[in-house]
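Here the structure is laid out as structure tokens; the discussion comes afterwards.
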Amino acid sequence: MSGQGTCVIIGGGPAGMVSGLLLARAGVEVTVLEKHGDFLRDFRGDTVHPSTLRLLDELGLGDRFAKLPQNRIHEIAFPVGENRRVVFGDLRRLKVRHPYIAMVPQWDLLTLLADAASEEPGFTLRMRTEATDLIREADRVAGVRYRTEDGRTGEIRADLTIACDGRSSMARRRAGLRAKEFPVSFDVWWFRLPRTPEDEPATLAPMLRGNRIMIAIPRETHLQIGYLARKGLDPELRAAGIAGFRHEIARINPALADRTAALESMDDVKHLDVRMDRLRRWHRDGLVCIGDAAHAMSPLGGVGINLAVQDAVAAATLLAEPLRRGTVTPAVLAGVRARRLLPTFLVQTLQRLMHRVLAVPVIEGRRKGPPRALLVLLRVFPQLSYVPAYLIGVGLRPEHAPPFARRPARTG
């Protein structure tokens, strides 16, 4: 089976769905390939930041988004002593319409975007369809080869392929795009525990104890918990078994000790191999990478989704008219990286700084908590909590929906 389209997008995550929606609203014929049969995956990033919430308003989707099950994070704070904390980032200080991070199951957000895109005549979403290779014509990418869940194969030829297939991107590997990698000495293990009425619903409060860091993210019905420890620890944790892991949780945060029985086996604990990299070049003729396919991010700050969405908006803004005219040149594709390189560089620089001064010293046992000078500064000048809140919640060079993609609010 084969097909022809103006644009094919590999991956139905936030970057893929946002770029697909925007390009379809520009009148571009676009096909999104998603290898899974649905969007239901645990422990994907579920943070929707103020700048993304503003984008949804501009797209006319704010009211529909507000109906999704969610809770709102207003501050990030470090516990210091018994019943005390220092606010690191206070999103309520932001002068924006939505001064909070909305915690929404990513599958609900992706379904909303897919439903909105399906209203456009030129949009096609093909689930259970995995892009397996790139079609090459001389030095140009001319589309993708794919395999469906039932084993059928085919190809889609397109003027442009947009790779949104994550940090293990097939497209960037097949295109020979090389990345600059940054060392990361820790990994994250994700799991969930029951939430109680005593849990603070609007605050992220990392717990630092021994050489471990644990952060509990309040969700509507449960706590989503990230456990940070040195890279290479996964075999030891699994060998110790679920009883040992439950003991670890209780040691770091005794308030959770009576809930650890909810973890029945180590199958309930998902390991994330933390990597950070950035492509030196984001494109080949006929192909451009965005989101994690262009730059794998650390989970610290939870900014990966926001950055991917901003990439998608920038790409659609720059590429819509060339796609309509059939004039997508390498120079045009290079413009996507040129527009998004500075915010990507600055966010990764900030994350590397957070690794160096906060996460790594604790995990290596050189410090028991955040730098004392930082805590004193935030306690004396609480208004400084605006800066981390802005960097995390809004980001550097936030993108706005292009005029062709804007719509009035719809509540249906």
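The neighbour count for R251 CZ, taken as heavy atoms of other residues, nucleotides or ligands under 6.0 Å away, is above 12. Counting heavy atoms of neighbouring residues, nucleotides and ligands inside a 6.0 Å radius, atom CZ of R339 exceeds 12 of them. Q383 CD: more than 12 foreign heavy atoms inside a 6.0 Å radius. Summarising the local packing, NE2 of H400 is surrounded by more than 12 heavy atoms from other residues, nucleotides or ligands at distances under 6.0 Å. Counted within 6.0 Å of CZ on R366, heavy atoms from surrounding residues, nucleotides or ligands total more than 12; the atom is thus considered enclosed.
One finds the SG atom of C164 at 4.0 Å from the CD1 atom of I290 (value rounded to the nearest 0.5 Å). Considering CZ of R178 and CZ of R172, their distance stands at 12.5 Å, rounded to 0.5 Å. To the nearest 0.5 Å, atom CD of residue Q224 and atom CD1 of residue I215 are 10.0 Å apart. A distance of 7.0 Å separates CG in L223 from CZ in R195, rounded to the nearest 0.5 Å. Considering CG of D277 and NE2 of H295, their distance stands at 10.0 Å, rounded to 0.5 Å. Between the CZ atom in R173 and the CG atom in L134 there is a gap of 9.5 Å [rounded to 0.5 Å].
Annotation: side chain of V87 is not in contact with side chain of P382 (no heavy-atom distance under 4.5 Å). With contacts defined as side-chain heavy-atom distances shorter than 4.5 Å, the pair D187/L233 does not qualify. Put simply, the side chain of F78 does not reach to within 4.5 Å of the side chain of L378, judged on heavy atoms. Contact annotation: the side chain of R145 approaches that of I135 to within less than 4.5 Å [non-hydrogen atoms, C-beta and beyond]. For the pair K180 and Q348, the minimum side-chain heavy-atom distance is 4.5 Å or more. Side-chain atoms of R25 and F123, non-hydrogen and from C-beta on, never get closer than 4.5 Å to each other. Between L374 and L358, every side-chain heavy-atom pair lies at or beyond the 4.5 Å cut-off. The side-chain heavy atoms of M297 and Q351, taken from C-beta on, include a pair separated by under 4.5 Å.
A donor-acceptor contact closer than 3.5 angstrom links the side chains of S385 and R93. For the residue pair N306 / S51, a side-chain donor-acceptor distance below 3.5 Å is found, with atom types taken as modelled.
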Please assess T31 against Y146 for the test side chain to side chain contact (heavy atoms under 4.5 Å, CB included), listing each intermediate value before the final yes or no. CA-CA 12 Å; T31 299; Y146 66 83; over 6 Å; no
So L341 and R278, side chain to side chain contact (heavy atoms under 4.5 Å, CB included) or not? Walk me through it. CA-CA 9 Å; L341 180 59; R278 184 172 66 245; 3.9 Å; yes
With side chain to side chain contact (heavy atoms under 4.5 Å, CB included) as the criterion, how do L323 and E29 come out once you've worked through the C-alpha distance, each side chain's angles and the decisive distance to 0.1 Å? CA-CA 9 Å; L323 278 167; E29 184 181 346; over 6 Å; no
May I have the step-by-step check of side chain to side chain contact (heavy atoms under 4.5 Å, CB included) for I225 and I249, ending in yes or no? CA-CA 10 Å; I225 299 180; I249 298 167; 5.6 Å; no
Between R64 and E119, does a salt bridge (charged side-chain N to carboxylate O under 4.0 Å, His left out) hold up when you go through it step by step? CA-CA 14 Å; R64 283 195 261 182; E119 298 167 6; 3.4 Å; yes
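Across every non-hydrogen atom of V188 and G226, the tightest pair is CG1-CA, 4.1 Å. The heavy-atom pair separating Y227 from I252 by the smallest distance is CE1-CD1, 3.6 Å. Counting all heavy atoms, side chain and backbone alike, L318 lies closest to G335 at CD1-O, 3.5 Å. Here the shortest heavy-atom pairing between L272 and P299 reads CD2-CG, 4.5 Å. Looking at every heavy atom in both residues, S19 comes nearest to I9 through OG-CD1, 3.5 Å. Listed here is the closest heavy atom pair of L91 and P50: CD2-CG, 4.1 Å.
Distance alone, capped at 3.5 Å, places no donor-acceptor pair between the E130 side chain and the T132 backbone. Side-chain N or O atoms of D199 include one that pairs as donor or acceptor with a backbone N or O of T196 at under 3.5 Å. Remark: the backbone N or O of V274 is paired with a side-chain donor or acceptor of K231 at under 3.5 angstrom. In this structure, R126 contributes its side chain and T148 its backbone to no donor-acceptor pair below 3.5 Å. Judged by distance alone, with hydrogens and angles left aside, the side-chain atoms of R367 form no donor-acceptor pair with the main-chain N or O of V360 at under 3.5 Å. In this structure, R407 contributes its side chain and L59 its backbone to no donor-acceptor pair below 3.5 Å. For T111 (side chain) and D108 (main-chain N/O), no donor-acceptor pair under 3.5 Å exists by modelled atom type. Of the possible donor and acceptor atoms, none in the side chain of H98 sits under 3.5 Å from a partner among the backbone N and O of R54. In this structure, Q310 contributes its side chain and E399 its backbone to a donor-acceptor pair below 3.5 Å. Between the D46 side chain and the Q106 main chain, a donor and an acceptor come within less than 3.5 Å of each other.
Ring planes of H74 and Y100: perpendicular class, angle over 60° (limits at 30 and 60°).
Taking 4.0 Å as the cut-off between side-chain N and carboxylate O, E181 and R275 do not count as a salt-bridged pair.
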